[in-house]
Amino acid sequence: MSDKPNNNQAANQPEENPNELLADRRRKLDRIRDEFEIDPFGQRVDGLVSLNTALDTYDGAADEAHKADAENDTRPIVKVAGRIIQHRVMGNLIFMRLRDASGDLQVAVSKKAVDLPSFKLAKLVDLGDIVVAQGPLAKTKTGEITAWSNGQASFQLATKSLALPPGKFHGLQDPETRYRKRYMDMYANPQVIQTFQKRCNIVSQIRTVMQSEGFLEVETPMLQPIAGGAAAKPFETHHNALDMELYMRIAPELYLKRLLVGGLPKVFEINRNFRNEGIDRSHNPEFTMLEAYEAFGDLYSVMDLTEKVFQTVAQNVCGSLKQPYGEIEIDYGNFRRAKYLELFVEHNGFDHADHDKLVEKAKSLHIDPAGKDHDLLLNEVWEETVEEHLVQPTFVIDYPASLCPLTKRKPDEPEIAERFELFIAKMELANAYTELNDPDVQEANFRQQISGMDDEENTFRTVDEDFLEALRVGMPPAGGLGIGIDRLIMLMTNSHTIRDVILFPLMRPQG
RNA sequence: GAUUGGGUAGCUCAAUGGUAGAGCAUCGGCCUUUUAAGCCGCUGGUUGUGGGUUCGAGUCCCACCCCGAUCACCA
């Protein structure tokens, strides 16, 4: 509305409307009101079935019987509503294709079969209008099941569309328009609705898995006085009544752990995080994450849980443990577990401890080794050389502890962190730890982390003293897990950009 | 933030620096089984925005806006 504040004026002064096509629709709107005496933005309609349901009620035998003997009509009658996506007037017979969230159905309006005003209205309606039709189902000569609108008041206008529809053949392709005007995208490209229906089913299945494993779903603050739990820049905001600076959360982690302290044995949250970082195919500033914490569990207990989540979704929502993603097939029946350093050697062909060869390799990848210690440089080379090979589900384990300062270390190998990252299709899908529950170690790590930060970071990253106090009360040993839900949905819906699984991805204002 | 490709009719796309076009949609006409219906006819444009070069700019130059891709940050 805000971009067209003068709609009513435009209707009365069509010469001010720059677009003739829109003016045509306005004129039809007036005709529908004046000549047909119909409200073009109608009322409640009862007894509707979805277009897909209507298709299912087609009775072939009844159709054949009626074709042989017109007096014998036992064809089921359906009442349907949908948006017009095709409209063909053939003199005294009108075909139109309707679309709703369930699918498409063709409707035919015959001049012989309906009253004259209904027929004229069926002729007048535009692509994009929403109509209601009622009639028996029969196949056409070319075999398409069609609702034949007949009888009294069997064709009605429900809503006049005053906007211009996308092309019926090429549809809506321009990605900018698709994301900005998702409502157009949804009716022009039916797979969009299917993707988001699937998204709903996936999240529902994940909840079912988590609940059946005994996890309690909770909701923790999204407005936080300290943005903790991850290394990312937060969005800043302000509470007026309390005159208080707040941050949109970058992770729920520190609150979920407080709940473990409070005595909940297994908790999870599926909700939005907000990170003030760049945008690309796998990053949106607000994204949905599953975080789960299991008291008395560890890295490996949440690894089993992770497998179960992916396998249940693949099997129950997508129908198979093997799912296509682009040109490849992902096999969720087989999760590899590979050590970080072994993967390095596997894809680089030299000992990870050989510093000279590492520097040489880094230079060949245009990575500047200056000022980086061995592990840091190793990690940059690792990301450059290993990640691109992690196509099938792979848990990367045994990270060097120096790369994960906030993670518990292996009791018998203190240089190794108890952490995994799950990679699928070269994307990071999950991240998990055996959680640090020693309050003194946690505090020391926090303070060391912050001391290495510049002034900008220090403005929003301060030590969460309340969280440390909670840890001093005592948090049981625990496994913690985060799964990127949007990315999981990308995989399961064969979507190659995160924007295709987020209804309204963030866009710059139009210029 | 950097690099790079793009932005032309409602949609999908053309156009050596030389009259801005096509298909579909729209509008008018014909048509009772069409499937991107068909046939006839008519329309439809601030070429993202603002400057500049030129006799002449969609095209060349400069600045800016928006989108995509890659990179950086991040998950």
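All chains are named by letter (A, B, ...) in the order of the sequence lines, taking the proteins before the strands, and each is independently numbered beginning at 1.
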Does a donor on one side chain and an acceptor on the other come within less than 3.5 Å for A/Asp375 and A/Ser402? yes
Between A/Arg180 and B/rC67, is there a contact of a side-chain N or O with OP1 or OP2 at under 4.0 Å? yes
Between C1' of B/rC71 and CD of A/Glu387, the distance in whole Å: 14 Å
Rounded to whole angstrom, note down the P distance from B/rU3 over to B/rC11. 31 Å
For a quick check of understanding: with a heavy-atom distance under 4.0 Å over all strands, which category does A/Gly171 fall into, base, sugar-phosphate or nothing? sugar-phosphate
Closest to side chain of A/Glu176, choosing from B/rU33, B/rA75, B/rC66: B/rC66
Should A/Lys28 be listed as having a side-chain N or O under 4.0 Å from OP1 or OP2 of B/rU26? no
Among the nucleotides B/rU33, B/rU32, B/rC11, whichever has the atom closest to the side chain of A/Trp148 is B/rU33
Categorize A/Ala163 for me: base, sugar-phosphate, or nothing, with a 4.0 angstrom heavy-atom threshold over every strand shown. nothing
Starting the side chain at C-beta, find the nucleotide from B/rC73, B/rU34, B/rC11 nearest to A/Lys233. B/rC73
Between B/rU53 and B/rA57, how far apart are the P atoms? Round to whole Å, please. 11 Å
B/rG41 - base-pair partner by Watson-Crick or wobble geometry, distances under 3.5 Å: B/rC27
Given B/rU70, B/rC67, B/rA75, which nucleotide is nearest the side-chain atoms of A/Phe287? B/rA75
Within the 4.0 Å heavy-atom criterion, would you say A/Lys139 contacts the bases, only the backbone, or no part of the nucleic acid? nothing
With rounding to whole Å, what would you report as the distance between B/rG38 and B/rA25 at their P atoms? 7 Å
With rounding to whole Å, what would you report as the distance between B/rG7 and B/rC30 at their P atoms? 41 Å
Nearest whole angstrom, please: distance from the C1' of B/rC11 to the CG of A/Asp174. 10 Å
Specify the separation, in whole Å, of atom CG of A/Leu488 and atom P of B/rA75. 18 Å
For a quick test of reading the model, state the closest non-hydrogen atom pair linking A/Leu51 to A/Ala81 and the distance between them. CD2-O, 3.8 Å
Tell me whether the side-chain N/O atoms of A/Asn92 come closer than 4.0 Å to OP1 or OP2 in B/rC31. no
Residues in ring pair (Phe, Tyr, Trp, His ring centres under 6.0 Å) contact with A/Tyr325, at least two apart in sequence or another chain: A/His496
Minimal non-hydrogen separation, A/Leu127 against A/Pro165, with atom names: CB-CG, 3.7 Å
Just checking A/Met289: base, sugar-phosphate only, or nothing, at a heavy-atom cut-off of under 4.0 Å? nothing
Applying a 4.0 Å non-hydrogen cut-off, can you work out what A/Asn431 is touching in the nucleic acid: base, sugar-phosphate, or nothing? nothing
From B/rA75, B/rU12, B/rU33, nucleotide with atom closest to A/Lys141 side chain: B/rU33
Any side-chain N or O of A/Arg508 below 4.0 angstrom from OP1/OP2 of B/rC67? yes
Ignoring the backbone of A/Leu172, work out which of B/rC67, B/rU34, B/rU12 is nearest its side chain. B/rU12
Considering only B/rU12, B/rU34, B/rA75, which nucleotide approaches the side chain of A/Met90 most closely? B/rU34
Distance in angstrom units between A/Glu383 CD and B/rA72 C1', rounded: 12 Å
Of A/Glu286 and A/Glu144, the one whose closest RNA chain B nucleotide lies more 5': A/Glu144
Does the structure place the NZ or CZ of A/Arg499 under 6.0 Å from the centre of the six-membered ring of A/Tyr179, at an angle of no more than 45° from the ring's axis? yes
Mind checking the P distance from B/rG48 to B/rC66? Whole angstroms is fine. 16 Å
Nearest whole angstrom, please: distance from the P of B/rA36 to the CD of A/Gln106. 11 Å
Between the side chains of A/Asp115 and A/Ser118, does any donor sit under 3.5 Å from an acceptor? yes
Give me the distance, rounded to whole Å, that separates B/rG29 from B/rG45 when you measure between the C1' atoms they each carry. 27 Å
With respect to the phosphate group of B/rU34, does any side-chain polar atom (N or O) of A/Arg97 fall under 4.0 Å of OP1 or OP2? no
How is A/Leu93 classified with respect to the nucleic acid when contacts are heavy atoms under 4.0 Å: base, sugar-phosphate, or nothing? base
Can you check nucleotides 20-25 of chain B for protein contacts, nitrogen or oxygen pairs under 3.5 Å, and list what you find?
| from | atom 1 | to | atom 2 | distance (Å) |
| --- | --- | --- | --- | --- |
| B/rA25 | OP1 | A/Lys168 | NZ | 3.0 |

Please tell me whether A/Phe235 and A/Tyr247 form a close aromatic pair, meaning their ring centres lie under 6.0 Å apart. no
Quick check for you: among B/rC31, B/rA75, B/rU32, whose closest atom lies nearest to any side-chain atom of A/Lys111? B/rU32
Expressed as a whole number of angstroms, how long is the span from A/Met184:CE to B/rC11:P? 8 Å
Quick one: A/Arg499 CZ to B/rC66 C1', roughly how many Å, whole number? 11 Å
Pick the C1' atom in B/rC24 and in B/rA9, then give their distance to the nearest Å. 12 Å
A/Glu307 with A/Arg337: basic N within carboxylate O range, under 4.0 Å: yes
Which residues pass the side-chain hydrogen bond (donor to acceptor under 3.5 Å, both in side chains) test with A/Glu421, not counting sequence neighbours? A/Tyr399
Contact class for A/Asn284 (heavy atom, under 4.0 Å): base, sugar-phosphate, or nothing? base
Value in whole Å for how far the P atom of B/rA72 lies from NE2 of A/His366: 13 Å
In whole Å, what separates the P atom of B/rG58 from that of B/rG52? 15 Å
Do you know the tightest heavy-atom contact between A/Ala54 and A/Val80? CB-CG1, 3.6 Å
If you look at every strand shown and take non-hydrogen atoms under 4.0 Å, does A/Gly484 touch a base, only sugar-phosphate, or nothing? nothing
Mapping A/Thr497 and A/Glu428 onto RNA chain B by nearest heavy atom, which one lands closer to the 5' end? A/Thr497
Is it true that the NZ or CZ of A/Arg99 lies under 6.0 Å from the centre of A/Tyr187's six-membered ring and within 45 degrees of the ring axis? no
